[in-house]
Amino acid sequence: MNEFELISRYFARRETSGTLLGIGDDAAVLSLTRGRQLVAAIDTLVEGTHFLAGTPPDALGHKALAVNLSDLAAMGATPRWSLLALTLPAPIEAWLRDFAQGFFRLADAHGVALVGGDTTRGPLSISVQVLGEVLPGGFLTRGGAQTDDAVYVTGTLGDAAIGLRSLRADAGEPGPELLAMRRRLTHPTPRVEFGQALVGVATAAIDLSDGLAGDLGHILAASRVGAILDLAALPLSDPVRAAVVAGGWDPVLRGGDDYELCFTAPAASNEEIGSLAAKADVRVTRIGIITAQRDLRARREDGVLESLIPRGFDHFP
Ligand code: ADP
Ligand code: MG
């Protein structure tokens, strides 16, 4: 199987609406919806840095796209197109089939077309670019949080960190709870529909890839505000709660790979947010408040305020 057979066998599919020219030429030509603005994001997954060697290819196909869709969700954009730059040590058919299956299952669920990419030999690395659309000015940023806004998160926090910990420990057969945590690591759910629903409601938003403390810290810095997190309010699954009791808050505050949304909104929007969450079938929890005092603090379960370093995972600390 040469490079071009590989591309046509696993990645070239029927072109969809808005794709004037897709895979097969030197570049794709895309037709934006009239009057919309283009939103672009790219993310890379490198073996050994972003995933463990031996991660199932279906998971990699899913996750490489999911982390990008999560970025568009945090912008409130509607995803439309993607490009895939794949660097592989060798073209193994079963690997490519499963990778493509993971990728396209998620792409199809969100109506995203794969319109181009690049295929090269080398250490396993996957870059996906996504392109989406918004109405003029109709996007979310990190920069709009206001004093006294409420802070929210979707889903539960720390699951992927506990999943990763269990994979690394490799202590025998995991039970159903740990398997669910591993699934949260390998198959994150980007909150695309809910992100779009937040446009015009949320004052700031970010997706959680590097841990709540650091990612909320980005909102605080961009918005020139601070926050108090209510630790007792953080939404935790049972295994994460057990891990917190045993070893502290790190998996929740500094664990990466949650791919949930963290956002802020005026307290008066609380009810509206509840109904948007119900409509999108997403759990949403109010976890704190924005303060004029420009630092990050946590209200412990005993009521005492503790200061938190707003730092998450960093490739170049
Ligand atoms: P060029 O040499 O002009 O860069 P390539 O040979 O890299 O073109 O790619 C040929 C076509 O296949 C292009 O349309 C490119 O976008 C597409 N393509 C290459 N690799 C992938 C991939 N992994 N997934 C999707 N499309 C791909
Ligand atoms: Mg090329």
Side-chain angles (χ1 to χ4, degrees), residues 1-33 36-73 75 77-133 185-190 192 207 209 257 259:
M1 180 175 55
N2 71 28
E3 182 186 325
F4 303 102
E5 285 164 355
L6 184 163
I7 293 164
S8 73
R9 199 172 303 169
Y10 295 103
F11 298 114
R13 302 199 316 170
R14 199 164 33 82
E15 281 151 30
T16 46
S17 78
T19 306
L20 299 179
L21 207 49
I23 292 172
D25 218 298
D26 290 306
V29 181
L30 309 170
S31 185
L32 278 172
T33 308
R36 301 290 160 100
Q37 293 172 335
L38 187 62
V39 181
I42 188 167
D43 255 316
T44 297
L45 302 184
V46 175
E47 182 173 89
T49 302
H50 300 92
F51 59 91
L52 302 172
T55 298
D58 176 274
L60 295 176
H62 175 98
K63 190 162 179 175
L65 180 59
V67 301
N68 279 283
L69 293 180
S70 181
D71 280 326
L72 288 197
M75 303 303 291
T78 303
R80 298 208 55 194
W81 303 285
S82 60
L83 294 102
L84 167 65
L86 192 55
T87 302
L88 292 172
I92 296 168
E93 305 237 11
W95 192 98
L96 283 157
R97 189 193 57 226
D98 289 358
F99 177 88
Q101 198 169 68
F103 185 95
F104 284 118
R105 201 192 307 113
L106 183 64
D108 292 347
H110 292 282
V112 172
L114 179 65
V115 298
D118 196 23
T119 305
T120 54
R121 184 187 295 272
L124 183 58
S125 162
I126 307 148
S127 291
V128 172
Q129 180 182 37
V130 286
L131 302 169
E133 294 181 334
L185 174 71
T186 56
H187 291 77
T189 305
V192 175
D207 74 313
S209 52
D257 282 324
Y259 296 104

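Note that ligands are numbered from 1 as they come in the structure, with each ligand's atoms numbered from 1 the same way.
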Next on the checklist: Less than 4.5 Å apart, side chain to side chain, heavy atoms only: is that true for Arg13 and Phe104?
Outcome noted: yes
Next on the checklist: Can you tell me if Phe4 contacts ligand 1 (heavy atom of the residue under 4.0 Å from the ligand)?
Outcome noted: yes
Checklist entry - Among Asp25, Leu88, Thr87, Ile23, whose heavy atom sits nearest atom 13 (C) of ligand 1? => result Asp25
Item to check | Per-residue contact class, Thr119 against ligand 1 - non-hydrogen pairs under 4.0 Å | outcome: both
Item to check | Of the listed options Leu83, Asp118, Leu96, closest to atom 21 (C) of ligand 1 (non-hydrogen atoms) | outcome: Asp118
Item to check | Atoms in ligand 1 with a heavy atom of Glu3 nearer than 4.0 Å | outcome: 6 (O)
Checklist entry - For Asp58 and His187, does a side-chain donor sit closer than 3.5 Å to a side-chain acceptor? => result yes
Checklist outcome for this item: Per-atom filter on ligand 1: closer than 4.0 angstrom to a heavy atom of Phe11 are 23 (N), 24 (N), 25 (C)
Checklist entry - Which residue, Val112, Val128, Leu131, forms the side-chain contact (heavy atoms from CB on, under 4.5 Å) with Asn68? => result Val128
Checklist entry - Are any non-hydrogen side-chain atoms of Leu72 and Pro79 less than 4.5 angstrom apart? => result yes
Next on the checklist: Taking 4.0 angstrom as the limit and counting only heavy atoms of Gly24, give me the atoms of ligand 1 inside it, by number and element.
Outcome noted: 11 (C), 13 (C), 14 (O)
Checklist entry - Hey, does Gly117 come in under 3.5 Å of ligand 1, counting only N/O atoms on both sides? => result yes
Next on the checklist: side chain to side chain donor-acceptor pair (under 3.5 Å), that's the test. Do Thr33 and Arg80 meet it? Break it down for me.
Outcome noted: CA-CA 10 Å; Thr33 308; Arg80 298 208 55 194; 3.1 Å; yes
Checklist entry - Mind checking whether Trp95 and Leu124 have side chains closer than 4.5 Å, heavy atoms only? => result yes
